[in-house]
Amino acid sequence: MSRTTLSQKTLSGNTQGELWHDHNHDGIDRRGFLKCMAWAGTGAFCVIRGGVLHSYGMSRLAELDPKEMAGELSFAQISDSHMGFNKPANPDVAGTLKAAVDKINGLAVAPEFLLHTGDISHLSKPGEFDTVEQILKDAKPKDIFYVPGEHDVLDDDGKQFLERYGKGSKGAGWYSFDKKGVHFIGLVNVLNLKAGGLGSLGHEQLEWLEDDVKHFKHSTPIVVFAHIPLWSVYPEWGWGTEDSARAHSYLKKFSSVTVLNGHIHQTMQKVEGNVTFHTAASTAFPQPQPGKADSPGPMKVPAEQLKSVLGITDVNFVRGKQALGVVDSTLE
Amino acid sequence: MRRSVFVAVSIALAALGIGTIRAGAKNPRVVDEQKAQSAEVKIDNFSFGSPELTVSVGTTVTWTNRDDIPHTVTSSDDPKVFKSKVLDTDEKFSFTFTKAGTYPYFCSIHPKMTAKVIVQ
């Protein structure tokens with residue numbers, strides 16, 4: 001009974017200011033404390049100033065001082081458009097995607113490009129992809145970089161996605177590019193998922209990643225983006241990537257690494273040493289915070305864990321050892 | 001003549017009934033499936049309704065997705081014994097099990113969703 005109530009509460013988007021607790025079992029040495037936030041919104045605006053990435057929830061950008069938005073490079077992340085979804089949680093996902101585009105176009109400082117972190121479509125139907133492309137044509141930034149979500153590779157192992165968005169990419173669609181001294185890496189972790197498992201990068205992609213970053217100076221800011229979180233948000237619901245630790249091992253040497261994901265339909269941030277993890281909100285519909293509802297997944301939340309994610313409104317944040325830790329800004 | 005046919009049929013039905021009851025005492029679930037030769041699994045709340053379903057050889061199992069989110073029914077074996085197309089809300093997938101054995105499966109979109117069919 002109480003679970004049902006919680007589920008309804010979180011689904012209504014009442015996620016602001018609540019703390020998500022660490023469930024990380026990825027074996028990475030944790031030098032910093034965690035700062036985790038969740039707020040309702042439709043995407044994220046990111047600006048890099050002095051090599052440090054600042055991220056802002058799209059829903060409250062109107063309140064932001066344009067000075068805060070200026071930097072060496074800015075871009076916007078959108079995610080989880082789920083075009084084709086038409087259930088009560090949001091019967092008009094096209095409308096909310098358009099609203100996200102309007103917000104992007106209304107920014108005082110126009111982002112140089114967009115990242116879409118997957119689940120463009122709901123059922124991998126060509127018409128769904130077409131609709132998203134049509135809506136995004138109205139966005140001021142003309143460069144859009146995509147990675148697939150599991151909803152984009154249904155029934156065809158990602159063939160259609162690769163045809164549409166994979167030009168110049170490697171393997172199942174991974175790639176990297178450079179913008180103003182920042183190295184961006186798009187990864188694919190939604191294919192070849194194993195029974196009972198999590199998101200998966202696979203050996204071939206990891207080999208490529210190791211090679212891709214080998215020649216960069218340690219001071220190069222790195223931004224990695226993929227659909228399923230590359231950190232263990234909540235493995236019980238499949239919200240993590242089984243071989244992400246190996247990916248992180250190749251990125252450890254860099255003083256500033258930012259990891260951007262979607263998939264969980266809510267924003268969260270975590271700082272772990274020199275690596276900052278962000279997940280973006282969906283443009284389509286919210287999902288409950290980890291452990292705060294019966295689904296997704298058959299997992300039942302133990303009573304003591306449930307308490308730990310309830311009613312906590314403040315968090316600790318100690319910047320990692322590296323000088324170029326990430327500054328989080330929530331507009332709050 | 002008519003009466004004797006009726007009696008014979010009645011005896012036959014009674015014998016069948018007794019047989020069913022006897023087998024049922026050993027393993028009622030198996031017998032139920034034998035009778036129907038079909039079984040259903042509902043997908044709800046990101047989980048398969050029967051984590052472990054036992055059926056007899058020849059049973060057709062039908063899965064129905066009752067979630068707002070699409071799922072698949074995908075054999076975990078290599079090579080895969082069965083694999084549904086993606087099932088949107090209320091869509092169904094059926095598979096007839098013709099050989100005894102244990103058939104683990106999962107949702108290839110949400111691989112934390114796992115279950116199995118045991119065919120006897």
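Throughout, protein chains are lettered first and strands after them, A, B, ... in sequence-line order, and every chain is numbered starting at 1. Computed from a prediction, not measured in an experiment: that's the story for all the values here.
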Review point. Distance-only, no hydrogens or angles: does the His227(A) side chain make a donor-acceptor pair with backbone N or O of Thr117(A) under 3.5 Å?
Key: yes
Check your understanding: Counting only N and O atoms by type, is there a donor-acceptor contact under 3.5 Å from the side chain of Glu128(A) to the main-chain atoms of His122(A)?
Key -> yes
Point to revise | Criterion side chain to side chain contact (heavy atoms under 4.5 Å, CB included) on Glu52(B) and Ile118(B), from CA distance to verdict | key: CA-CA 7 Å; Glu52(B) 206 175 289; Ile118(B) 297 163; 3.4 Å; yes
Exercise for review: For each of Val153(A), Leu123(A), Val190(A), tally heavy-atom pairs with chain B at distances under 4.5 Å, and name the one with the top tally.
Suggested key: Leu123(A)
Review point. For Thr89(B) and Asp68(B), does a side-chain donor sit closer than 3.5 Å to a side-chain acceptor?
Key: no
Point to revise | Leading residue by heavy atom contact count with chain B [cutoff under 4.5 Å; candidates Ser124(A), Gly199(A), Gly197(A)] | key: Gly197(A)
Check your understanding: Using non-hydrogen atoms only, which part of Leu193(A) is less than 4.5 Å away from chain B: side chain, backbone, both, or neither?
Key -> both
Review point. Checking heavy atoms, do the side chain of Lys87(A), its backbone, both or neither come under 4.5 Å from chain B?
Key: side chain
